[in-house]
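Quick note: numbers below take in every heavy atom, side chains included, and nothing from hydrogens, waters or symmetry partners. First listed ligand is number 1; within each ligand, the first listed atom is number 1.
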Amino acid sequence: MDAPATKPAKSATGPTEETVLDVKHYTDRLFSFKLTRPASFRFRSGEFVMIGLYKDNGKPLLRAYSIASPSWDEELEFYSIKVPDGPLTSRLQKIVPGDKVLLGRKPTGTLVHDALVPGKRLYCFSTGTGFAPFASVVRDPETYEKFDQVIVTHTCRDVAELEYSKKIVDETLNHEFLGEVAQGKLVHYASVTREEYPTKGRITDLISSGKLFTDLDVPPLNAETDRVMICGSMEMINDTKQLCIEAGLEEGSNATPSHFVIEKAFAG
Ligand SMILES: Cc1cc2nc3c(=O)[nH]c(=O)nc-3n(C[C@H](O)[C@H](O)[C@H](O)COP(=O)(O)OP(=O)(O)OC[C@H]3O[C@@H](n4cnc5c(N)ncnc54)[C@H](O)[C@@H]3O)c2cc1C
């Protein structure tokens with residue numbers, strides 16, 4: 001019998017194996033890494049996908065991860081926590097260039113332009129690794145076509161945990177092409193909860209006290225002009241969502257776009 005002309009595909013639905021191109025460690029709890037992007041892998045800026053590693057028994061161990069790179073980028077970037085006993089991240093934090101990481105085939109999510117109706121000002125409220133989807137959104141030129149102002153807030157416990165978001169915003173503003181569209185529109189507003197820092201406190205307190213709006217010289221949240229994306233812990237999402245509802249904003253989805261959208265930065 002003749003040999004088949006091509007090898008059968010491993011699995012048309014299972015994860016693909018991608019190569020680690022770069023790894024950067026920020027603190028003992030945070031790192032980012034870049035993977036090769038298959039030509040067939042399409043996503044909208046702000047979406048998440050399953051990524052992972054093979055377990056010792058050969059089965060894949062996958063977790064949801066926001067894609068931190070924008071949809072136009074040839075490489076895929078991720079921003080990750082290191083959970084000391086975490087089944088995935090206790091091993092993922094040790095990857096080096098050349099290693100293989102599993103990538104799911106079906107990106108999805110609600111932190112996308114499609115889930116918001118048009119507005120003037122976009123707020124991206126994040127805590128911890130919840131900044132990851134916004135690293136994608138703020139590097140997408142479409143964001144600046146759609147909004148006059150893009151305010152990305154990042155709240156962490158320690159000052160060192162702000163390094164990644166500062167770097168992404170700084171690089172965007174100084175980028176050869178993105179800089180032209182983002183300058184004068186993109187604003188980074190950082191706050192810290194457990195160390196001394198010019199802006200201290202939780203984002204919910206900074207919204208409800210009005211300090212956020214005074215600091216940025218903008219009017220308070222308003223359903224006519226403002227659109228909001230929220231990504232953080234369940235508690236942060238619920239509290240921020242409540243403030244949006246009190247301001248008259250309604251929650252949107254891919255099926256029914258509206259004023260604000262939410263996504264958990266992690267389960268639990
Ligand atoms: C929609 C979605 C998107 C996500 N995107 C990201 C992302 O971009 N980057 C990322 O690092 N994680 C992200 N996560 C969390 C991720 O799926 C894993 O939970 C994380 O990688 C830890 O995996 P683990 O197997 O080591 O530990 P797990 O068993 O998954 O988690 C152990 C415990 O660690 C804590 N934990 C997990 N993830 C985080 C986190 N990100 N920040 C703070 N505490 C955490 C939780 O208390 C959890 O119970 C996302 C989760 C969801 C649901």
So which heavy atom in the protein is nearest atom 52 (C) of ligand 1, and how far is it from that ligand atom?
-> Ala64 CB, 3.6 Å
Nearest-neighbour protein heavy atom for atom 28 (P) of ligand 1, which is reported as residue plus atom name and distance | Arg63 NE, 3.9 Å
Decide, yes or no, whether a salt bridge links Arg29 with Glu161 under the criterion of side-chain N to carboxylate O below 4.0 Å.
-> yes
Backbone N/O of Ser69 and side chain of Asp73: donor-acceptor pair under 3.5 Å | no
Would you mind checking which non-hydrogen protein atom is closest to atom 42 (N) of ligand 1, with the distance to 0.1 Å?
-> Phe266 CD2, 3.4 Å
Lys264, any N or O under 3.5 Å of ligand 1 N or O = no
Tightest non-hydrogen contact, residues Ile51 and Phe33, listed as CD1-CZ, 3.6 Å
Do Leu249 and Val150 share a hydrophobic cluster, counting only Ile, Leu, Val, Met, Phe, Trp and Tyr and linking them when any side-chain heavy atoms are less than 4.5 Å apart?
-> no
Atom 11 (O) of ligand 1: the protein heavy-atom neighbour that sits closest, reported with distance to 0.1 Å | Ile81 N, 2.8 Å
In the protein, which heavy atom is nearest to atom 49 (O) of ligand 1, and how far is it?
-> Ala267 O, 4.1 Å
In this structure, atom 8 (O) of ligand 1 is nearest to the protein heavy atom Ser66 N, 3.2 Å
In terms of residue, atom name and distance, what is the protein heavy atom nearest to atom 50 (C) of ligand 1?
-> Ala265 O, 2.9 Å
Relative to each other, are the rings of Phe41 and Phe43 parallel, tilted or perpendicular (30° and 60° limits)?
-> tilted
Sub-4.0 Å protein heavy atom near atom 26 (O) of ligand 1 = yes
Would you please test Lys200 and Glu196 for salt bridge (charged side-chain N to carboxylate O under 4.0 Å, His left out) and show each step?
-> CA-CA 7 Å; Lys200 280 205 73 179; Glu196 280 311 312; 3.8 Å; yes
Going through the checks in order, is the ring-ring contact (aromatic ring centres under 6.0 Å, His included) test met by Tyr26 and Tyr164?
-> CA-CA 7 Å; Tyr26 301 96; Tyr164 181 69; 5.5 Å; yes
Locate the shortest heavy-atom distance separating Glu77 from Ile168; write the atom from each residue and the value.
-> OE2-CD1, 4.0 Å
Of the listed options Gly86, Gly52, Pro87, closest to atom 29 (O) of ligand 1 (non-hydrogen atoms) = Pro87
Shortest protein heavy-atom distance from atom 9 (N) of ligand 1, along with the residue and atom involved = Tyr79 O, 2.8 Å
Could you point out which residue of Thr36, Leu35, Thr19 forms a side-chain contact (heavy atoms from CB on, under 4.5 Å) with Lys100?
-> Thr19
Return a yes/no value for Thr89: is any of its N or O atoms, backbone included, closer than 3.5 angstrom to an N or O of ligand 1?
-> yes
Using distance alone, determine whether Phe48 and ligand 1 share an N or O pair under 3.5 Å.
-> no
Could you see which bit of Val83 sits under 4.0 Å from ligand 1, with heavy atoms only: side chain, backbone, both or neither?
-> side chain
Nearest heavy-atom approach of Tyr65 to Ile81 is OH-O, 4.5 Å
Any N or O of Thr129 closer than 3.5 Å to N or O of ligand 1 = yes
Is the Phe131 ring parallel, tilted or perpendicular to the Tyr79 ring (thresholds 30°, 60°)?
-> perpendicular
Could you tell me whether Ala132 and ligand 1 have an N or O pair separated by under 3.5 Å?
-> no
Close-contact set for ligand 1 against Ser80 heavy atoms, below 4.0 Å = 11 (O)
Where's the contact between Tyr65 and ligand 1, heavy-atom distance under 4.0 Å: side chain, backbone, both or neither?
-> both
